[in-house]
Participant: 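Take a look at the following structure, please.
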Amino acid sequence: MNSLSNKNNEDCFEHHKKCVDPCPPRFCECKEREDLHPVPGSALLEVGKGSSVLINGANAPTITAANPLLIAQVTLDPTCFCFANIKIEFSSFLVLTGVLAATDSITVRLSRVRFGYPSAVVKEPLETFSTNLLLLGATNSFSIPFGFIFGEENTRLRETTYVVEVIAATLSLVAPISTGSIQFTNAQIAALAVGSTRLG
């Protein structure tokens, strides 16, 4: 861990309290040492909602980035944090059923939705995750885990909703008819913010 040297920071905390941005100092002296080390902060954990989403030959062609399929969402309000670190964790199972080709795939996107002033809604893509599926027999059905972790450092955000959506799905046509399907089950999403609490 990096440390900062500062022999004259005795008035550091009082100086920060007088600043326009009422954030405490990010570094402090510990155990009478002159090196500066990160100040432990507060934490805020929010657990969101997931849904069971089915993708098959009927709806796969309609799924696009402009017309996504919502899997899960969580709302986090780190307004009262300074220098907040954000962690989004998503997990689920993919139940693969029927005839699927090895070239079949799905693409999932994590975005954040913020409300601007006075009422504009801004949706910002953060990360995209794609996976190819395995070749299955006509009567096979099994599940595989699917999930991700996303993190940001030193964010300055107000109330924000994070959404996980399917933005593309490819299901090959297998003669005489495509019988494959993909279903998200046990979808879970959580958001964690850790940072210094504002002084006022």
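Along the sequence shown, residues are numbered consecutively beginning with 1. Since the structure is predicted, the reported quantities are computational estimates derived from the model, not experimental observations. The figures here come from the full heavy-atom set of this structure, side chains too, leaving out hydrogens, waters and symmetry mates.
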Participant: Applying side-chain hydrogen bond (donor to acceptor under 3.5 Å, both in side chains), which residue pairs with at least one partner in residues 120-130 are found, sequence neighbours left out?
Facilitator: Thr107-Ser130, Arg112-Glu124, Arg114-Glu124, Lys123-Glu165
Participant: What do the steps show when you test Ile144 against Phe142 for side-chain contact (heavy atoms from CB on, under 4.5 Å), and what is the final call?
Facilitator: CA-CA 7 Å; Ile144 58 175; Phe142 66 94; 3.6 Å; yes
Participant: With a 4.5 Å limit on heavy-atom distance, are the side chains of Ile182 and Leu96 in contact?
Facilitator: yes
Participant: Spell out, yes or no, whether Leu126 and Val166 are grouped together once hydrophobic residues are joined by side-chain heavy atoms under 4.5 Å, including indirect joins.
Facilitator: yes
Participant: Return the set of residues passing side-chain hydrogen bond (donor to acceptor under 3.5 Å, both in side chains) with Ser111 (not counting sequence neighbours), or none when no residue passes.
Facilitator: Arg109
Participant: Determine the sole option in Phe146, Phe129, Phe150 for which the side-chain contact (heavy atoms from CB on, under 4.5 Å) test with Phe90 is passed.
Facilitator: Phe146
Participant: Please list all pairs meeting side-chain hydrogen bond (donor to acceptor under 3.5 Å, both in side chains) that have one or both residues in residues 51-69, counting only residues at least two apart or in different chains.
Facilitator: Ser52-Gln183
Participant: Check whether Phe148 and Leu69 end up in the same hydrophobic cluster, where Ile, Leu, Val, Met, Phe, Trp and Tyr are linked by side-chain heavy atoms less than 4.5 Å apart.
Facilitator: yes
Participant: Roughly how far, to the nearest 0.5 Å, is CD1 of Ile71 from CD1 of Ile55?
Facilitator: 6.5 Å
Participant: Should Ile106 and Thr131 be marked as a side-chain contact (heavy atoms from CB on, under 4.5 Å) after you check the CA-CA gap, both sets of side-chain angles, and the distance that decides it?
Facilitator: CA-CA 6 Å; Ile106 57 169; Thr131 183; 3.6 Å; yes
Participant: What about Ile167 and Ile189, same hydrophobic cluster or not, with Ile/Leu/Val/Met/Phe/Trp/Tyr joined at side-chain heavy-atom distances under 4.5 Å?
Facilitator: no
Participant: Of all the heavy-atom pairs spanning Arg158 and Asp77, show the shortest one and how long it is.
Facilitator: C-OD1, 3.9 Å
Participant: Let me see the working for Thr75 and Glu159 under side-chain contact (heavy atoms from CB on, under 4.5 Å), right down to the final yes or no.
Facilitator: CA-CA 7 Å; Thr75 298; Glu159 183 175 353; 3.5 Å; yes
Participant: Taking Thr155 for its side chain and Glu153 for its backbone only, find out whether a donor-acceptor pair lies under 3.5 Å.
Facilitator: no
Participant: What verdict does the side-chain contact (heavy atoms from CB on, under 4.5 Å) test give for Asn154 and Asn85, after you've listed the backbone C-alpha separation in whole Å, the side-chain angles of each residue and the deciding distance to 0.1 Å?
Facilitator: CA-CA 5 Å; Asn154 298 331; Asn85 292 339; 4.0 Å; yes
Participant: Once rounded to the nearest 0.5 Å, what's the spacing between atom OG1 of Thr185 and atom CG of Leu54?
Facilitator: 11.0 Å
Participant: Working to the nearest 0.5 Å, report the span between CD1 of Ile86 and CG of Leu192.
Facilitator: 8.0 Å
Participant: Quick one: closest heavy-atom pair of Ser92 and Ala187, and the distance?
Facilitator: CB-CA, 3.8 Å
Participant: Determine whether a donor-acceptor pair (N or O, by modelled atom type, separation under 3.5 Å) exists between the side chain of Ser91 and the backbone of Gly147.
Facilitator: no
Participant: With rounding to the nearest 0.5 angstrom, report the CD to CD1 distance, Glu46 to Ile88.
Facilitator: 10.5 Å
Participant: State the CG-CD1 distance between Leu110 and Ile149, to the nearest 0.5 angstrom.
Facilitator: 12.0 Å
Participant: Are any of the side-chain heavy atoms of Leu157 and Phe81 separated by less than 4.5 Å?
Facilitator: no
Participant: Distance from Lys87 atom NZ to Leu76 atom CG, nearest 0.5 Å?
Facilitator: 13.5 Å
